[in-house]
Amino acid sequence: ACSEKGDESSGKVSEYRTVYSGEIKTLNYLKTAEANEFAMSANIIDGLIEYNQYGIVQPSLAESWSSNEDNTVWTFKLREDVKWVTSDGKEYADVVAQDFVDGLNYVLDAKNESSTAWIATVVKNGDAFYNGEITDFSQVGVKAVDEYTLEYTLENPTPYFLSMLNYVCFFPVNGEFLAEKGESFGTTKENVLYNGAYVLDKFEPQNERVLVKNDTYWDKENVFIDRIRYKYNKEAGTVAPELFLRGEVDSASIPTSVIDEWFNDEEKKAQVRQSQNNFYTYFYALNFDPQFDAQYEPENWKVAVNNKNFRKSLYHALDRVSAMLTTEPYNPEDMLNNTITPKNFVDVEGVDYTQLEPLKNVTNTDSFNKDLALEFKEKAMTELQGKATFPVKVLMPYNSGSPDWANRSQVVEQQLETLLGADYIDIIVEAGPSTGFLQEVRRPGKYALLEANWGPDYADPASYTDPFTEGGTYNKPELAEGYTESNGKSKYQNMVDAAKAEMDLAKRYELFAQAEAFLIEEAFVIPYAVGGTGYIASKLNPFEAQYSPFGVTLEKFKGQKVLEKPMSNEEYKEALAKWEQERAEALAEAGEQ
Amino acid sequence: MGLYSEEITNISEKSNEKLFEFAVVDEKKAEETGYSNYSYWRSTWKSFLKNRLAVFLLILVCTIVAFVIIQPYLPYQKSPTEIYIDEQTSSQARNIAPNSEFWFGTNSIGQDLWSRIWAGTRTSLFIGFVVALVEVIVGITIGALWGFSRKLETPITQAYNIVENIPTTIVLILMSYILRPSISTIIIAMCITGWVEMARFIRNQIVILRDREYNLASKCLGTPSYRIILKNLLPYLISVIMLRMSLAIPFAIGAEVFLTYIGLGLPISEPSLGNLINEGRVLMMSPDLRYQLIFPSIVLSIITISFYIIGNAFADAADPKNHV
Amino acid sequence: MQSKSRILSIQNLIIQFKLRGQVLTAIRDISLDLYKGESLAIVGESGSGKSVLVKSIIGLLEKNGSVAQGRILYKEDDLTKFETEKDWLKIRGKEIAMVTQDPMTSLNPLKTIGKQIEECVVLHQKLKGKEAYQRTLQLLKDVGIHDVEKRYKQYPHEFSGGMRQRIVIAIAIACNPKILICDEPTTALDVTIQAQILQLLKNLQQKYGLTTIYITHDLGVVAKVADRIAVMYAGDIIEVGQTHEVFFNGKHPYTWALLSSLPQLGAKGEELYSIKGTPPNLFKEIKGDAFAPRNPYALKIDFEERPPFFKVSETHFAKTWLLHPNAPKVELPQNLQAFFEEGRRFAHEY
Amino acid sequence: MSTKEVLLEVKNLEVAFGKGKSKFQAIDQVSFQIYKGETFGLVGESGSGKTTIGRSIMRINEVTGGEILFHGKPINGKISKDWDREITQKIQMIFQDPMASLNERAKVDYIISEGLMNTKHYKNEEEKQKKVHDALLEVGLLPEFASRFPHEFSGGQRQRIGIARALIMEPEFIIADEPISALDVSIRAQVLNLLSNLQKQKGLTYLFIAHDLSIVRFITDRTAVIYKGKIVELAETEKLFANPIHPYTRALISAVPEPNPYKEREKVMEVYDPTQHHYDSNPPSFVEIEEGHFVLANEEELERYRTTLKIGV
Amino acid sequence: MLWYLGKRLLQSVVTLFIIVTIVFSLLRLMPEEGYLGAAAEKMTPEQQEVYLTNLGLRDPLIVQLGHFYGDLLQGDLGTSVTYRTDVPVKTIIAEKIMYSILFGLGAVALSLLVGVPLGILMAQMKGRWLDRLGTGYIVFVVAVPAAVYYIFIQMYVTDLFNLPMLFDEYNPVSWLLPLTSMALAPTASYAMWMRRYMVDELNKDYIKLARAKGVKERTLMFKHVMRNAFIPMAQYLPATILFTITGSIYIESLYSIPGMGGLLVDAIQRQDNSVVQGLVLIFSSLGIIGLFLGDLAMALVDPRIKLGKGESVR
Ligand SMILES: Nc1ncnc2c1ncn2[C@@H]1O[C@H](COP(=O)(O)OP(=O)(O)OP(=O)(O)O)[C@@H](O)[C@H]1O
Ligand SMILES: Nc1ncnc2c1ncn2[C@@H]1O[C@H](COP(=O)(O)OP(=O)(O)OP(=O)(O)O)[C@@H](O)[C@H]1O
Ligand SMILES: [Mg+2]
Ligand SMILES: [Mg+2]
């Protein structure tokens, strides 16, 4: 709705207000890797491409592009007449090919400490330049062929290169401006230039930020919200629902703990809905390299975890619905995920990756199966007789900074112990540090069973299979006994390597799917859920927004309108079904082209 | 002068010859007449008893402490950590309003609030007592040295100025990094920062007392310093120390709430008033669920207010001026 | 003396304190008149009720104390009937002023000496501005302070004990009172200064025609300043009379004991006379003569019945059964006899 | 006189408080001797340094100059542990304020036996109890008082507890710093008698500090008059009262009120004016003007004092 | 006086130096992952190493300290790394300190305005209903966790008076509630202190003399007791003002006030050492200045105290 205070004469100014508690630390999009900051750059800077609401690549600053045979050289033809403007709306310069070169140069310069540099190393000599082995940037695989022609040369064949372009590291920057601002680039609203849908009108960290529509934007017809107001509130989680009800904000996430209240109240119920899932996937990792304290018997765990039946018993015993109830009490099934790679990630001609043959079975069956669990338990107990002591102590830490996780851990503990019996396992829930959890717990392997998550970086299944390969920092499945193949590598590793080598998309995806299915069927990990922000009350229609798992796409306001009233969950579900169908059609159509 | 003469005339008649003999004076008896049966502690206690409210609260607190200890062994008690499953939906018995089954209702994952609150009270009181005790012991030791030893005075004062001005939050957060969140961490963190005020307080008191003549007298008799502190100074401080201690308990509980608020509190699996309240804060905005905040808040307030009032009443009672 | 008129009259006064649930009788049925222009000394050991008595005259009894019986008549008013602060403001300062015991703590540490005196000048002499200032300086001079203009601006901590006591006296005088009460005005001071202050008080008394009550337990001080003496013991006045009468013709054994224990009466190398035992417990009801248990001359009746005042002379009364016609004669100790002798000799000389 | 044994000797004692600009010379070149068995009086106005001298002997105050000898051996500065313990036991102090000098939260029993516990001068608990018992009897208190607290006693009784506490150490020398100033007349006598009786029984030596000259006169054998940190006159007490030489002594004596209303009213006070001396040009020294009678004077004054002494005032 | 000031200043600088050095060293004990923020997840160990080296964290502690003090001498507090990348610490603090000062001073003013008279009245009516009421209030504020009642107030009072829940610098009405909430606790403590000190003063001897002089009770209260009772308050006042200025994390969080309340907590949690150090420097300086001002205030109101060679009045 329009602002009620609106004394703007037209009364037609569309404003969207929200409170947030996660502050952004910089506007320097070339440096950041944080979601909150992506959300900012998504709306003020445009990259070469964008997506439509079904996740199909669309031209943005690049009007057209082409790649060579093996996908190593990509050429982009830029849109002309796109302007850099300052925060007060003054035109500063045109956006040209060199701006992309300058951007990448900045990112790959190690001293700038860009957090997304590792993605940009996909270009030729990117890594070498970053590590200082090459000092001449012209040897790096990016080139302004002319003012409006840009060419990337890549290190390896990369069919999914386009999906990477929506990352901030491939965003343009005006070199002159950047040089002028130096260190202070991106520290204030004046110290950045804008070429996106919005311009920052106010930027006061820990207070308020205001985005206003960019009048010089090349695609301003598709920008419908005129002003976006973010008010900082550290206790947003506590006060936002009330603020929404009082009409002080247009969007508020509704914490799980109060969701009952909203659903029990007719009036409120009409205003709250599920939010979209994101592409983070959650899974329980069984650690093959336990390094925890002797009191929790890491050796015993090691013996147990190397027994497939033991793993399988856990795999089938985990009641994921009951665990999910702690975060999503109303539609827990909607959040569950039977694979590591979530659905809607990539597809082969409209067939979703998770429905590919090797994964299909896994995807479509619930892993929770009491009978199987008990069956495997029996087997494991006989096999492990004399080798392992029962009950097996299972150290399951959680991050004490996350109340939901804490709750979930208690639920899972109780559920598993009840089902499998206290004679079999003894789950020990332990609070880990709220900051430095990764460093303190996951990376050093101080756990037996751990809820972990992972998010993708580019449109290739490799993005999801990598964490479990050698050098990964998860549960080290390569150390599992009995899976080493003749080349000395683990079976899983070999499967992934093979997939990566395959350039034909259909075959490639098939191979990746096989690897993933192997990982799950061997119960090295127990897939659990996809990420999501739970319930929200919002006057936005999520299906109008651009859609894609990669980069900053999901954060764009472009194309969205502020609704008169928030969607209810029924409306949402309806819209979701419609959208999924339309998307499948659109993907199939796009695939045919 | 007319005032006096009247009396004289009518007295002489009453007087009896026999009485006008000298009485035998017993010197020993004379010595004893001045004995007053005033006892400091008895008087303190009596004067404390006069404060009805404080006495009531003292009984209340004792009852709560006793109850909190025996509560788990009473019949019909539920486990504070078990997640209860709703028979009908066979999912967690979430957010159930107080009823005959769950006396204080359940929380958002189906744990029994009644038992959680008492378990939390147990934890918080334990933390409070331990912190108060450590603070008092460390505070007294350092404060006594600080106030009594002239040699140590300057170094301790300097150290105090430094410690006092290092923001507590830094220390607290560092502690939580070095140690895992747990009861002992929270106790250590609070003790590390808490003794300072106590030490300064004791020191100020001792400075007031140390030059009193009776201490000088002890010095003249060659009494070693530790005994002077122990026998001459601390007995005078016992009332203020007890006051401090009773105030330290509500303070420690409040600090625990704050620590939990900034994310350094106890893990949720370890119920305490701090995390119950923090969990409950979010529910503030939902009238139906507010009970989850209100119950622990009430228990917490009763405890802190009681200790506060008891402490003050005791301090008043311990002041000889008020032994009226 | 007879020519003087009564200015204040205490009649059958009983004052009690509530303490720890018990009742303490601090003043036990006292009657006493005060005559215009005289200086009366009240002596007695610590705790005998001297301070309580005078506090009741200006309404400064602690909250737990109250008048249980009796009247204090001043002009038309019965002071025991005063309840509100307003009533007392008619009396305090203006009519009756007090010099307190401890000069170290009796002054407000944060106000200049001058202001503290001037406050009274303004309040009670109704002077303002320059006049009040001049009057204050004059008062400072009167109490023997030099450099008054500079001193006016100084704070109490810049004064020595003796000087502070002078200031307290100046404050009392500034009120222009009819009666001045001095509660142990010199106990905290050392001999030389004590002598100066006493002299000063005497001079001021004459200069302003004040009626004064001195409270002290030092008989030397009494000898210097008092016209009349009231001896108190355990909340009762046991002897009252003109100074020389009490000193040299004391009748109460307690008076004798007080005098005998003066070192001046002792012989070097010999035991000094001392009063055995301790004062009575005021919480208990006292039967008979309060001094009886410590009195070597105690009669049996002393333990039975409280003695009335016996008249010794027009101005001299004593509360002891020894004055009763039936009482046996007592032999006074040698040194006391000698002391009385000497006193009578002096009486002839002057 | 000179045949008497010197128990304590103070030689050129100096005590200063503070440092630098705020330095304050509380005791300035004070010397005197105390003979065994006598009572030595120290009088002077408030702040003249009486307590400071007492405390220096007790080794509570640091001495900045001079020596203090006990039995001819120095007790200030660095001394051996044994000697230290011995003096701690042999020299005792009685304090001015009987209320303030007793630990109100300790029982009389503890207060009295405190010194014993430090010196361990008893074999067992029984003996300790016995000693406490005896000490209480000695000062005229009932032994059962041991289990009471100080506030249950009257002022005189409290002061006797203070004395018992000193006595139990079996001292030779007792410093009594205004032991009766805080007591009222009727009780003073009790304490004074007790002190003299104890002296007779045990051959104690006292340093008796007071500002009330009538008491000093009654109890002391010799008296020193101190003014602003300097002893101005020292003599046998009777001599001093009979023939006060120094103008300050004279003023002091004249200020003592007498219990005689006739005399008091007539009395003229002598006022001491410290500016009368011309010590800048002609510094004084402490000289023996007649046997055992010392006075602080310069040559010119000495001359004058001698003549008055001969005439006899 | 000058001498005293000089000595005090020197002492303060030394104390500050020690504090900052200690904090500096303590901060190096923090886990390094914190410096990497969210990026840690995806960085290789080598990249992390480069990053940390660039931050200067691989230098010996002494060298790091040297750099820090070198910059400090030039008035440079450094730039933020993880809190607001590349923004000078000075700017960060400057932006927030204004709000904190406004709110802090406002709250202190309000609480003095209410608390002091309340304390006086309570002392005057000791034992009567007002005293009881005030005591009840004090007990409530001290004993009930602020985390709870602040949120109650925000909820109900905004609803009751139809006030906005969030702070908006341009809307004066939105200042009211946070300011009042912030003043609640100091009001209670001022009232408590004032009452206690008044009662203490009333028991002193000079009050007896003043009463005996015939001074009216009212005059006595206002001209004698109040000022004297205020002295011990004066000593602690600067410290409490500074304490209030550093803000209430609860209030600022609830009302979206861009003050310094949670800054320190945030900065430490994000391990932004330069911000932490800047804040520590400021807080400690404020603390030390507070101590000093307290002493100064004491000396100003109390003629007995002369700031000369003597030590601090405490
Ligand atoms: N406020 C009070 N509460 C209880 N008892 C009191 C109070 N004031 C005085 N008394 C008691 O009344 C008695 C008389 O006290 P008062 O102060 O008059 O003695 P005093 O003769 O002035 O003694 P001193 O010479 O020590 O001043 C004492 O026993 C004292 O304890
Ligand atoms: N600890 C101290 N620090 C500084 N000055 C001191 C100290 N003790 C005593 N003085 C000063 O030394 C001087 C002598 O003090 P002392 O107590 O010996 O006097 P006194 O003769 O005993 O007096 P009084 O009769 O009042 O007891 C006084 O001016 C006093 O202020
Ligand atoms: Mg008195
Ligand atoms: Mg002295």
Side-chain angles (χ1 to χ4, degrees), chain B residues 53 153-154 157-174 176-178 200 203-204 207 247 250-251 253-258 260-264 273-274 277-278 280-282 284-285 287 290 293-294 296-298 300-309 312 321, chain E residues 11-12 14-23 26-27 29-31 34 132 135-136 138-140 142-152 154-156 192 203 239 246 249-250 253-254 262-269 271 276 279-280 282-288 290-291 311-312 314:
Chain B
L53 180 64
E153 171 151 14
T154 323
T157 309
Q158 277 305 327
Y160 168 80
N161 275 341
I162 290 164
V163 175
E164 164 80 355
N165 279 302
I166 294 181
T168 327
T169 346
I170 292 197
V171 183
L172 292 179
I173 295 178
L174 259 169
S176 82
Y177 278 120
I178 297 165
R200 195 181 94 162
R203 183 246 178 179
N204 287 347
V207 166
L247 296 188
F251 188 79
I253 295 177
E256 191 229 316
V257 175
F258 178 74
T260 313
Y261 177 75
I262 61 173
L264 299 173
L273 289 177
I277 284 176
N278 243 318
R281 291 182 80 234
V282 185
M284 181 62 219
M285 301 293 171
R290 221 167 268 163
L293 172 64
I294 290 180
S297 298
I298 288 177
L300 173 71
S301 304
I302 288 177
I303 291 174
T304 49
I305 289 178
S306 301
F307 272 106
Y308 188 84
I309 290 180
N312 273 311
K321 257 189 281 173
Chain E
Q11 263 181 358
S12 308
V14 172
T15 310
L16 256 185
F17 174 80
I18 297 175
I19 292 173
V20 173
T21 308
I22 289 178
V23 171
L26 280 181
L27 287 174
L29 293 176
M30 308 263 273
R132 277 154 197 250
T135 311
I138 292 168
V139 169
F140 179 85
V142 174
V144 178
V148 174
Y149 66 77
Y150 283 154
I151 196 168
F152 264 85
Q154 191 193 26
M155 252 317 267
Y156 288 109
M192 190 170 74
N203 282 329
T246 56
I249 177 168
Y250 292 125
S253 303
L254 279 172
L263 191 57
L264 184 62
V265 176
D266 281 353
I268 303 176
Q269 278 172 348
Q271 293 187 233
V276 174
L279 284 172
V280 167
I282 287 189
F283 288 160
S284 310
S285 311
L286 287 182
I288 290 168
L291 265 179
E311 297 299 299
S312 145
R314 276 180 221 188

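Heavy atoms only: backbone and side chains are in, while hydrogens, waters and symmetry mates are out. Every chain is numbered from 1, with letters handed out A, B, ... down the list of sequences.
When heavy atoms are compared at a cutoff of 4.5 Å, E:Ile22 approaches chain B solely by way of its side chain, counted from C-beta outward. In this structure, chain B has heavy atoms under 4.5 Å from both the backbone and the side chain of E:Val139. No part of B:Leu273 comes within reach of chain E, as not one of its non-hydrogen atoms sits under 4.5 angstrom from that chain. With a threshold of 4.5 angstrom between heavy atoms, E:Leu264 approaches chain B through side-chain atoms but not through N, CA, C or O. Interface residue E:Tyr156: only side-chain heavy atoms are found under 4.5 Å from chain B. No part of B:Glu164 comes within reach of chain E, as not one of its non-hydrogen atoms sits under 4.5 angstrom from that chain. Proximity to chain E is limited to the side chain of B:Leu293, based on heavy atoms less than 4.5 angstrom apart. Proximity to chain E involves both the backbone and the side chain of B:Ile305, based on heavy atoms less than 4.5 angstrom apart. Both the backbone and the side chain of B:Phe258 come within contact range of chain E, judged by heavy atoms closer than 4.5 Å. Using a 4.5 Å cut-off between heavy atoms, E:Val276 touches chain B through its side chain atoms alone.
Inter-residue side-chain proximity for E:Phe283 and E:Ile19 is flagged as unmet; no heavy-atom pair is nearer than 4.5 Å. The shortest distance between side-chain heavy atoms of E:Phe152 and B:Ile294 falls below 4.5 Å. Contact of the E:Leu254 side chain with the B:Arg281 side chain is registered, since non-hydrogen atoms from C-beta on lie closer than 4.5 Å. Taking the side chain as every heavy atom from C-beta outward, E:Thr135 and B:Asn312 never approach each other to under 4.5 Å.
Looking at residues two or more places apart in sequence or on another chain, you find a ring-ring contact (aromatic ring centres under 6.0 Å, His included) between E:Tyr149 and E:Phe140. Taking E:Met155 as the reference, A:Glu242, A:Arg246, B:Met284, B:Met285, B:Arg290 meet the side chain to side chain contact (heavy atoms under 4.5 Å, CB included) condition, with sequence neighbours excluded.
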Problem - Working for side-chain contact (heavy atoms from CB on, under 4.5 Å), residues B:Ser297 and E:Val144 - result: CA-CA 8 Å; B:Ser297 298; E:Val144 178; over 6 Å; no
